[in-house]
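Worth saying up front: this structure is predicted, and the values here are computed from it rather than measured.
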Amino acid sequence: MAIISTLLKKGIRLRESLEQEYSHPLELQRQELKKLLIHAAETEIGKKYDFPKILKGFRRGEDEFYERYKAQVPIYDYDRIHSEWWYKLLEGKSNITWPGPVRHFALSSGTSGATSKFIPITKDMVKAIRRTGVRQILSLSKYDLPASLLTKGILMLGGSTDLEFNGTYFSGDLSGITTGRLPIWFQRFYKPGKKISRSKNWGDKLDQIVEKAESWDIGIIVGVPAWLQILIEKIIERYQLNNIHEIWPNLQIFVHGGVSFEPYRKGFERLLGKPLLYLETYLASEGFLAFQALPNRKSMRLVLNNGIFHEFVPFNEENFDEEGNIRVDAKTFKIDEIEEGKDYALLISTCAGAWRYLIGDIVRFVSKEESEIIITGRTKHFLSLCGEHLSVDNMNKAIELTAEEHDMNIREFTVLGVPHGSLFAHHWFIGSDDKVKKSLLKKSIDANLKVLNDDYAVERNHALKEVKVTVLPSSFFYDWLKEQGKEGGQYKFPRVLKGDKAASWQEFLLKNEVKL
């Protein structure tokens, strides 16, 4: 396998992967936090919270280091860490939350808040992301794949590598930042290549890829499901194909992340001539947190020894308010204290200068011993107008089941909580180009959610009086993202719309003469 052989020849070994495989998770995390604290001890944040005092706790009892850490360093969300620390980085100041200046900022997709967030990307973080990427490539040796596969091209559909520069720092999509810094050994496998990757116009970029597609031999595709599906449809239309395998016969792997793939699966697989191997990654703007490491599993393994320290907050009313904001006195746990099957919001401390940072994702451990997780939602992407506690995980599964029942392709969906007289209703917007009665969709979604969520079933007999469904062409969802300046790359449509985003969506629909 050419990529794996190239990696090994370059001296990149399996040591880090094997270290995690044969070490206790807590020991790996102890060492990782110690390294982070030592490295940042002389920064402004390190001095304020006395990192050296925390470090002395590592010489004492087993839990002393963590008791000191959570007692001395507060929990941060983006707004708090930005207003106290990261705004200084944007001004070009050095040694604030990590040694040296920060020259690159990833613009997050902004699905939780009203605007994009500027997430610092240090040189150490770029290296960490690259190392974890290598680990995932090397994990392919565990799969039953032909030796020829990894001599093929890898198509990575991401943001522009032509970053914005304001005289102080560069900013853009994380995929644009990291792709622009690919190691030399990888570039002979990488598509669409440097020139096309620089394009800032998403439509032009897709058109250029389509024109080059027949000259490439692609074995692996990487990206957000919605945008890759659009690209493949364009290629099929351009070359009058029955499926994508007629032009890329060696395509075997789809590496995806950022959003649950299951709602997209049915429509995506209509574009294939043979099955693909699906590999999930957990690559956020804040770091590369986990990847699917073992065959025949849908879970991902947290990376415990590469620049990130993880903490876990039980996602319940004791720790979060009704808007999904974390409470000041929230209880947090380290990795040896979690329980399988329970939902936790994730806090991370990283080599990019995030400290006890609420990333916004909710995870559930399926294997404590192997640190295997699934992502079940977002702290602010849930609906609980009257106690129905509807999670993104519930929504994804209900849509998946509904699509199966009606043999339809649901490309996108979102849901709003709306008033219904003095009580409440859910308004679902379904993106599909298939013809189906919305009354049937309403019945299926409602019935599936009642089975998936007991609280929802109870509230449908009480305060949650109505379920509304509006079916739209899938293009509406992508046009709205474009209007928000969030087309392509890592951007994805929010599964729950609240506040300003809900108002913007409703205004967009009215402008396009959609009756609500």
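With a 4.5 Å cut-off on side-chain heavy atoms, Phe288 and Met125 do not count as touching. Side-chain contact between Val313 and Leu347 is present, with at least one heavy-atom pair separated by less than 4.5 Å. The shortest distance between side-chain heavy atoms of Glu91 and Thr168 does not fall below 4.5 Å. You'll find the side chain of Phe333 reaches within 4.5 Å of the side chain of Pro314, heavy atoms only. Two residues are said to be in side-chain contact when any heavy atoms from C-beta on lie closer than 4.5 Å; Ile119 and Tyr357 meet this criterion.
Counting non-hydrogen atoms of other residues, nucleotides and ligands closer than 6.0 Å to NZ of Lys142 gives a total above 12. Enclosure of atom NZ in Lys368 by more than 12 non-hydrogen atoms of other residues, nucleotides or ligands within 6.0 angstrom is indicated. A 6.0 Å sphere centred on NZ of Lys482 holds no more than 12 heavy atoms belonging to other residues, nucleotides or ligands.
Between Trp202 and Tyr478, the gap from one ring centroid to the other reaches at least 6.0 Å.
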Let me see the working for Asp63 and Lys334 under salt bridge (charged side-chain N to carboxylate O under 4.0 Å, His left out), right down to the final yes or no. CA-CA 9 Å; Asp63 294 331; Lys334 56 189 188 312; 2.7 Å; yes
Please report the C-alpha distance between Lys331 and Glu311 in whole Å, then the side-chain angles of each, then the deciding distance to 0.1 Å, and finally whether the salt bridge (charged side-chain N to carboxylate O under 4.0 Å, His left out) criterion is met. CA-CA 10 Å; Lys331 293 181 179 178; Glu311 299 175 75; over 6 Å; no
Decide ring pair (Phe, Tyr, Trp, His ring centres under 6.0 Å) for Phe118 and Tyr87; before the verdict, give the C-alpha distance in whole Å, the side-chain angles of both, and the deciding distance to 0.1 Å. CA-CA 9 Å; Phe118 287 77; Tyr87 79 91; over 10 Å; no
Test Val363 against Thr376 for side-chain contact (heavy atoms from CB on, under 4.5 Å), laying out the working first. CA-CA 6 Å; Val363 302; Thr376 59; 6.0 Å; no
Glu372 vs Arg301, salt bridge (charged side-chain N to carboxylate O under 4.0 Å, His left out): CA-CA, chis, key distance, verdict: CA-CA 4 Å; Glu372 294 273 335; Arg301 179 170 295 171; 3.3 Å; yes
Salt bridge (charged side-chain N to carboxylate O under 4.0 Å, His left out), that's the test. Do Glu44 and Lys88 meet it? Break it down for me. CA-CA 11 Å; Glu44 285 191 17; Lys88 298 179 183 180; 2.9 Å; yes
Hey, mind stepping through Thr350 and Trp98 against side chain to side chain donor-acceptor pair (under 3.5 Å) and telling me if it holds? CA-CA 9 Å; Thr350 76; Trp98 195 251; over 6 Å; no
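Between Phe493 and Phe477, the ring planes are perpendicular. Angles over 60° get that label, and only those under 30° would be called parallel.
Tyr190 and Thr179 are not linked by any side-chain donor-acceptor pair at a separation below 3.5 angstrom, with hydrogens and angles left out of the test. Between the side chains of Tyr78 and Ser108, no donor-acceptor pair is found at a separation under 3.5 Å. In this structure, a donor-acceptor pair under 3.5 Å is absent between the side chains of Asp393 and Asn396. There is a side-chain donor-acceptor pair under 3.5 Å between Ser175 and Asp173. In this model, a donor atom of one side chain and an acceptor atom of the other lie less than 3.5 Å apart for Thr132 and Asn306. Side-chain contact of Tyr49 with Trp355: a donor-acceptor pair under 3.5 Å is absent, judged by distance alone. Side-chain contact check for Gln484 and Tyr491: no donor-acceptor pair (N or O, by modelled atom type) lies under 3.5 Å. Checking Glu19 against Asn305 by side-chain atom types alone, a donor-acceptor pair falls below 3.5 Å. When only modelled atom types and interatomic distance are considered, Glu412 and Tyr264 share a side-chain donor-acceptor pair under 3.5 Å.
Phe261 does not carry Lys298 over the face of its six-membered ring by the limits of under 6.0 Å from the centre and within 45° of the normal. Relative to the ring axis of Phe58, Arg30 does not place its NZ or CZ within 45° and under 6.0 Å from the centre. For the pair Arg80 and Tyr76, the distance from NZ or CZ to the six-membered ring centre is under 6.0 Å and the angle to the ring normal is within 45 degrees. Relative to the ring axis of Tyr278, Arg265 places its NZ or CZ within 45° and under 6.0 Å from the centre.
For Phe105 against Leu89, the heavy-atom pair with the smallest separation is CZ-CB, 3.7 Å.
Comment: Arg297 does not engage Glu280 in a salt bridge, judged by the lack of any side-chain N to carboxylate O separation of less than 4.0 angstrom.
For the side-chain contact (heavy atoms from CB on, under 4.5 Å) criterion with Phe312, the lone passing option out of Asp343, Thr332, Ile338 is Ile338.
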